[in-house]
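By convention in this document, chain letters (A, B, ...) are assigned in the order of the sequence lines, proteins followed by strands, and residues within each chain are numbered from 1.
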Amino acid sequence: MLRLYNTMTRSVDQFRPIEEGKVGLYACGLTVYNYAHIGNLRTYVFEDVLRRVLALDGYEVKHVMNVTDVGHLVSDADTGEDKMEVGSQREGRSAWELADFYFEAFRKDMARLSLLEPDIWCKATEHIEEQIELVRGLEERGFTYTIDDGVYFDTSRLKDYGKLARLDVEGLEAGARIETVPGKRNITDFALWKLSPGGQKRQMEWESPWGVGFPGWHIECAAMSVKYLGDHFDIHCGGIDHIPVHHTNEIAEVEALTGKTWVNWWMHGAWLVLPTGEEDEREESESVKMAKSGENFITLDLLIDRGYDPLVYRYFCLNAHYRSPLTFTWRALDGAANAYERLKNRVVELKGSGGAGSVSESHYAAFRDALEDDLNTPRALAAMWGVVRDENLSGADRYATLLAMDEVLAFGFEKMEAPEVVVDEEVERMIRERDEARRRKDYATADRIRAELLERGLLLEDTPEGTKVKPCSSR
RNA sequence: GGCGGCAUAGCCAAGUGGUUAAGGCGACGGUCUGCAAAACCGUUAUGCUCCGGUUCGAAUCCGGAUGCCGCCUCCA
């Protein structure tokens with residue numbers, strides 16, 4: 001029985017799909033004006049686990065993810081510049097090129113983290129018509145008003161505005177420090193269609209019934225999710241930051257239009273946080289979130305440059321529950337790297353034990369129970385280690401069980417091989433020499449050769465089957 | 001100012017009323033080895049920020065204190 005936390009109800013509830021056996025899943029994608037940082041990626045790892053667990057439970061999942069390639073303003077007070085235009089100026093290429101470049105970079109990161117691609121990618125710029133239609137619908141129903149800089153949604157017309165975030169609208173007003181757009185009727189009102197500033201030609205702008213301009217941020221997710229998943233679907237997820245503004249406004253748009261509940265399940269991933277101050281010298285529990293605008297912008301490429309397998313980062317994420325903030329430190333990542341390395345060694349060893357194995361029911365049940373309990377991946381990993389350690393099971397059975405678990409873990413157990421090392425003639429000769437030295441108990445020579453090879457990045461292991469060569473980790 | 005969240009071993013992190021507080025990393029001891037490496041075994045929180053309370057029983061519920069974080073600008 002699958003139980004998932006629902007932000008709307010603030011409780012873990014038994015998951016029930018709208019249509020038997022099927023799940024419509026919408027995940028908020030990236031604004032493609034820069035690389036994804038590992039904090040962004042944590043959320044996509046969570047969504048990947050969600051999707052895989054749904055599949056494990058037999059659901060046919062239709063996974064839709066948007067690509068925000070326009071309309072995302074630097075400030076959400078509906079002032080400021082479009083991030084795409086800013087990025088374009090920064091990098092001296094067109095907004096369209098920028099979007100393509102970072103979208104492809106994102107897909108590459110996803111692949112390296114074993115994230116399944118959505119069934120449907122949808123770009124905001126390719127759905128302008130749908131967005132205009134949605135705004136027209138809202139206009140017809142009297143939920144909009146037009147001011148100098150665009151068409152706005154009148155949030156006061158919606159009785160339950162802010163229900164997802166449980167917003168205290170009055171409280172917002174009291175403490176607001178938002179730069180207000182002149183003419184906005186309520187502090188929570190937001191732009192549906194922004195008009196291009198007078199006389200200024202934007203790279204990305206379109207005709208509309210209200211004039212040349214571009215769509216507001218929230219309208220794209222509303223329009224595209226409705227297009228591909230219908231006006232009532234199962235799960236919508238994203239980062240926790242989307243609760244108060246983005247998802248709140250999407251709900252307002254769609255539910256104002258249809259007059260009924262739009263999404264049954266809202267799920268949100270917690271932050272990856274960074275300790276403040278110098279690592280190892282910081283005060284306890286001080287931390288700060290990773291932000292695209294900050295200096296603490298760590299990409300997957302940086303991890304790879306530092307010698308980490310990208311799947312180490314996947315392991316690192318899985319070791320914490322998706323609703324808990326996760327502290328990123330290089331030290332903690334090293335812990336994950338060591339664990340992952342050891343896991344790989346064991347898997348390769350077990351794979352080589354031969355024979356056809358069968359899945360251990362008890363271990364697998366523990367694993368699955370953990371995942372079905374609101375995607376408790378830390379417990380699932382514990383169950384995985386339980387298999388690795390269980391000497392009562394044959395190697396083949398353990399391997400078979402791990403393979404079954406890999407449907408969700410996606411570490412690629414099946415493809416794991418003992419690391420191949422190119423051994424040239426010289427190295428081969430040195431190894432032979434060392435073996436001879438060992439035979440005549442000339443350990444000084446043997447150790448000298450071993451040290452020399454280590455200098456070249458080759459690690460020797462003496463096993464009952466002879467000397468093996470492995471590449472030694474760069475770290 | 002308003003709203004919300006968190007505080008578990010050297011580190012990361014599960015557990016949210018009831019036998020001995022998961023798992024991983026690290027460390028230490030051991031088996032194996034000429035020595036290592038890999039692998040395996042063992043040890044590593046009589047206690048869950050602190051102080052009260054409820055209860056037969058609390059890390060888990062309630063109140064308070066302290067510290068930290070997030071949102072209310074952009075953000076996964």
Set of residues satisfying side-chain hydrogen bond (donor to acceptor under 3.5 Å, both in side chains) with respect to [X], sequence neighbours excluded:
{"X": "A:Asp301", "answer": "A:Arg112"}
{"X": "A:Ser114", "answer": "none"}
{"X": "A:Lys123", "answer": "none"}
{"X": "A:Asp374", "answer": "A:Tyr322, A:Arg323"}

Show each protein N/O and nucleotides 18-20 of chain B N/O combination with a separation under 3.5 Å, one pair to a line.
none

Provide, to the nearest angstrom, the distance between the [atom1] atom belonging to [X] and the [atom2] atom belonging to [N].
{"X": "A:Lys468", "N": "B:rU33", "atom1": "NZ", "atom2": "C1'", "result": "15 Å"}
{"X": "A:Arg331", "N": "B:rC12", "atom1": "CZ", "atom2": "P", "result": "7 Å"}
{"X": "A:Leu453", "N": "B:rA36", "atom1": "CG", "atom2": "C1'", "result": "14 Å"}
{"X": "A:Tyr308", "N": "B:rC25", "atom1": "OH", "atom2": "P", "result": "16 Å"}

Identify, with sequence neighbours excluded, every residue that meets salt bridge (charged side-chain N to carboxylate O under 4.0 Å, His left out) alongside [X].
{"X": "A:Asp373", "result": "A:Arg3, A:Arg379"}
{"X": "A:Asp154", "result": "A:Arg185"}
{"X": "A:Arg389", "result": "none"}
{"X": "A:Arg448", "result": "A:Glu452"}

| field | Between A:Tyr35 and A:Phe297, ring centroids under 6.0 Å | value | no

| Quick one: are A:Val53 and A:Val408 in side-chain contact, heavy atoms under 4.5 Å? | yes

| query | When all nucleic acid strands are considered with a 4.0 Å heavy-atom cut-off, which category describes A:Gly238: base, sugar-phosphate, or nothing? | reply | sugar-phosphate

| query | Contact class for A:Arg434 vs. all strands (heavy atom < 4.0 Å): base, sugar-phosphate, or nothing? | reply | base

| query | Does A:Arg323 make a side-chain donor-acceptor contact with the base of B:rC6, cut-off 3.5 Å? | reply | no

| Would you say B:rA14 has OP1 or OP2 under 4.0 Å from some side-chain N or O of A:Asn319? | no

| message | Is the phosphate of B:rG26 approached by A:Asn338 (side-chain N or O, under 4.0 Å from OP1 or OP2)? | response | yes

| field | Under 3.5 Å: donor-acceptor pair, side chain of A:Thr377, backbone of A:Ala380 | value | no

| task | Any chance you could lay out the ring-ring contact (aromatic ring centres under 6.0 Å, His included) test for A:Trp193 and A:Phe214, step after step, and finish with the verdict? | result | CA-CA 6 Å; A:Trp193 186 267; A:Phe214 58 101; 7.5 Å; no

So which protein nitrogen or oxygen atoms get under 3.5 Å of nucleotides 42-45 of chain B's nitrogens or oxygens?
none

| query | When rounded to the nearest Å, what value does the distance between P atoms of B:rA59 and B:rC48 take? | reply | 7 Å

List, with names and distances, any nitrogen or oxygen atoms from the protein found under 3.5 Å away from nitrogen or oxygen atoms belonging to nucleotides 39-41 of chain B.
unit_1, atom_1, unit_2, atom_2, d
B:rA39, O3', A:Arg346, NE, 3.1
B:rC40, OP1, A:Arg346, NE, 2.8
B:rC40, OP2, A:Arg342, NH2, 3.2

| task | Over all heavy atoms of both residues, which pair between A:Lys184 and A:Ile147 is shortest? Give the atoms and the distance, please. | result | N-CD1, 4.1 Å

| message | Given a 3.5 Å cut-off on both pairing distances, which stems involving RNA chain B, each at least three consecutive Watson-Crick or G-U pairs, are present, if any? | response | B:1-7 with B:66-72, B:10-12 with B:23-25, B:26-31 with B:39-44, B:49-53 with B:61-65

